[in-house]
Number of protein chains: 2
Amino acid sequence: MADENVVYIGNKMVMSYVLSVVTQFNNANQVVVKARGKAISRAVDVVEIVRNRFMPEVKVKDIQIGTEEITGEEGTPIRLSTIEITLEK
Amino acid sequence: MADENVVYIGNKMVMSYVLSVVTQFNNANQVVVKARGKAISRAVDVVEIVRNRFMPEVKVKDIQIGTEEITGEEGTPIRLSTIEITLEK
């Protein structure tokens with residue numbers, strides 16, 4: 001059993017990520033929710049829904065923000081903001 | 001001079017909020033960037049641009065997330081995620 005499980009937030013519905021987080025907590029005491037760009041808002045929604053509706057015992061242990069450089073379609077570098085929210089039960 | 005200055009992130013362009021943060025640091029050692037809903041991603045962009053391009057000496061002191069209940073157009077309550085990023089120079 002890994003100590004650190006990661007859920008990457010993309011463009012799917014919020015509830016599918018909520019389900020991923022809750023499922024991963026079955027096998028771990030810590031889950032990290034990661035997102036970049038516009039998905040950052042959704043990552044916060046996911047964490048808040050997990051805590052308010054499904055697992056009130058879960059605490060936000062740490063939040064880190066940063067910048068990642070990815071390569072765009074024509075090879076131009078694009079800077080994207082990132083977030084990593086570490087949850088612990 | 002207030003010890004805590006707040007910049008609320010809305011729908012304007014990222015650079016106008018970057019300018020607000022940099023300006024507020026002229027009069028304070030601490031600036032709090034607040035946003036809710038979809039503006040959360042923009043708040044992280046603002047902080048990252050301030051730190052990477054304009055004020056590398058600024059540190060992220062604390063990040064808090066939460067939920068706020070606002071009243072929608074027809075009186076129905078709407079839950080919105082919130083973020084507060086405390087910056088310190």
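Just so it is clear: chains get the letters A, B, ... in the order the sequence lines come, proteins before strands, and each one is counted from 1. On a predicted model such as this, the values are computed, not experimentally measured, just so you know.
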remark   = Value for CD1 (A/Ile65) from CZ (B/Arg51), rounded to nearest 0.5 Å, stands at 6.0 Å
request  = Drop me the distance from A/Asp45's CG to B/Ile40's CD1, to the nearest 0.5 angstrom.
outcome  = 6.5 Å
For residues [X] and [Y]: do they belong to one hydrophobic cluster (side chain heavy atoms under 4.5 Å, members Ile, Leu, Val, Met, Phe, Trp, Tyr)?
X	Y	result
A/Phe25	A/Tyr17	yes
A/Ile9	A/Met15	yes
B/Val6	B/Leu19	no
B/Ile78	A/Ile49	no
A/Val14	B/Leu80	no

message = Under 4.5 Å from any heavy atom of chain B, what part of A/Arg79 do you find: side chain, backbone, both or neither?
response = side chain
key: Residue from B/Ile85, B/Ile83, B/Ile63, B/Asp62 passing side chain to side chain contact (heavy atoms under 4.5 Å, CB included) with A/Ile63   = B/Ile63
Nearest heavy-atom pair of [X] and [Y]: which atoms, and what distance?
X	Y	answer
A/Glu48	B/Gly66	OE1-C, 3.2 Å
B/Thr82	A/Val44	O-CG1, 4.0 Å
A/Ser41	B/Ala39	OG-N, 4.5 Å

query = With a cut-off of 6.0 Å (strictly less than), are more than 12 heavy atoms of other residues, nucleotides or ligands near NZ of A/Lys89?
reply = yes
